[in-house]
Amino acid sequence: MTTYFTKDHEWIRVEGDTGVVGITPHAVDALGDIVFFESQPVGTSFSRGDAMAVVESVKAASDIYAPVSGEIIAFNEALTDAPETINAAPEGDGWMVKLRIADPAELGSLLDAAGYQATLG
């Protein structure tokens, strides 16, 4: 299992051809208290960089972008009733979407943990 990051503060944890996607603690800190989460439906396909979900916080609404191309195979339904889970565990129970990865070669364009930390300054 390997975790990659985008410069837009999403992470994707990859196992086989499946990736679990969420946002980083840095993004959660920037957003503040998250009050709403909505994902596109299961079966929806995306190209890398397309908006696939949205979160709203007390500060702003933000699109969540697909870190790689793929198809949503599941979303975290618990977030519909408890979006604050994203604040409590952004890299754990606050995961958002599971994707079937269309092109594993796209993972090469993402950052590893050290590379992502370097972007935060």
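Side chains are part of it too, since the values below use all heavy atoms of this structure and drop only hydrogens, waters and symmetry mates. Quick caveat: nothing in here was measured; it's all calculated off a predicted structure.
- For the pair L107/L110, a side-chain contact is recorded, criterion being any heavy-atom separation below 4.5 Å from C-beta on.
- One N or O on the side chain of E106 and one on the backbone of S69 form a donor-acceptor pair closer than 3.5 Å.
- Connection of L99 to W11 is not established within any shared hydrophobic cluster, with ILVMFWY side chains joined at heavy-atom distances below 4.5 Å, either directly or through further cluster members.
- E91 approaches R13 most closely through the heavy-atom pair O-NH2, 2.7 Å.
- Here K98 contributes atom NZ and I12 contributes atom CD1; the two are 12.0 Å apart, rounded to the nearest 0.5 Å.
- Here the CD atom belonging to E38 is positioned 12.0 Å from the CD1 atom belonging to I64, to the nearest 0.5 angstrom.
- For the pair D103 (side chain) and A105 (backbone), a donor-acceptor distance under 3.5 Å is present.
- Nearest heavy atoms, S39 versus A53: CA-CB, 4.0 Å.
- Without hydrogens or angle criteria, D50 side chain to A66 main chain gives no donor-acceptor distance under 3.5 Å.
- A heavy-atom distance below 4.5 Å is not found between the side chains of D33 and E84.
- Residues forming a side chain to side chain contact (heavy atoms under 4.5 Å, CB included) with A113 (at least two apart in sequence, or on another chain): F5.
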Check against side chain to side chain contact (heavy atoms under 4.5 Å, CB included), V68 and V14: CA-CA 11 Å; V68 294; V14 177; over 6 Å; no

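- Smallest separation of non-hydrogen atoms from P90 and A88: CD-C, 3.8 Å.
- Across all their heavy atoms, S62 and L31 have their closest contact at OG-CD2, 3.3 Å.
- When all heavy atoms of M52 and I72 are compared, the pair lying nearest together is O-CD1, 4.3 Å.
- Taken together through direct or relayed side-chain contacts under 4.5 Å among Ile, Leu, Val, Met, Phe, Trp and Tyr, V97 and F36 form parts of separate hydrophobic clusters.
- Residue G32 comes nearest to N87 through the heavy atom pair O-ND2, 2.8 Å, listed as atom of the first residue, atom of the second, then distance.
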Side-chain polar contacts of residues 73-81 - donor-acceptor pairs under 3.5 angstrom, sequence neighbours left out - could you list them?
unit_1 : atom_1 : unit_2 : atom_2 : d
N76    : OD1    : A78    : N      : 3.3
N76    : ND2    : D93    : O      : 2.8
N76    : ND2    : W95    : O      : 2.8
T80    : OG1    : E77    : O      : 3.3

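- Of the listed residues (V55, V21, V20), just one forms a side-chain contact (heavy atoms from CB on, under 4.5 Å) with M96, and that residue is V55.
- Among residues at least two apart or in separate chains, side chain to side chain donor-acceptor pair (under 3.5 Å) pairs with a member in residues 112-121 are H9-Y116, T24-Y116.
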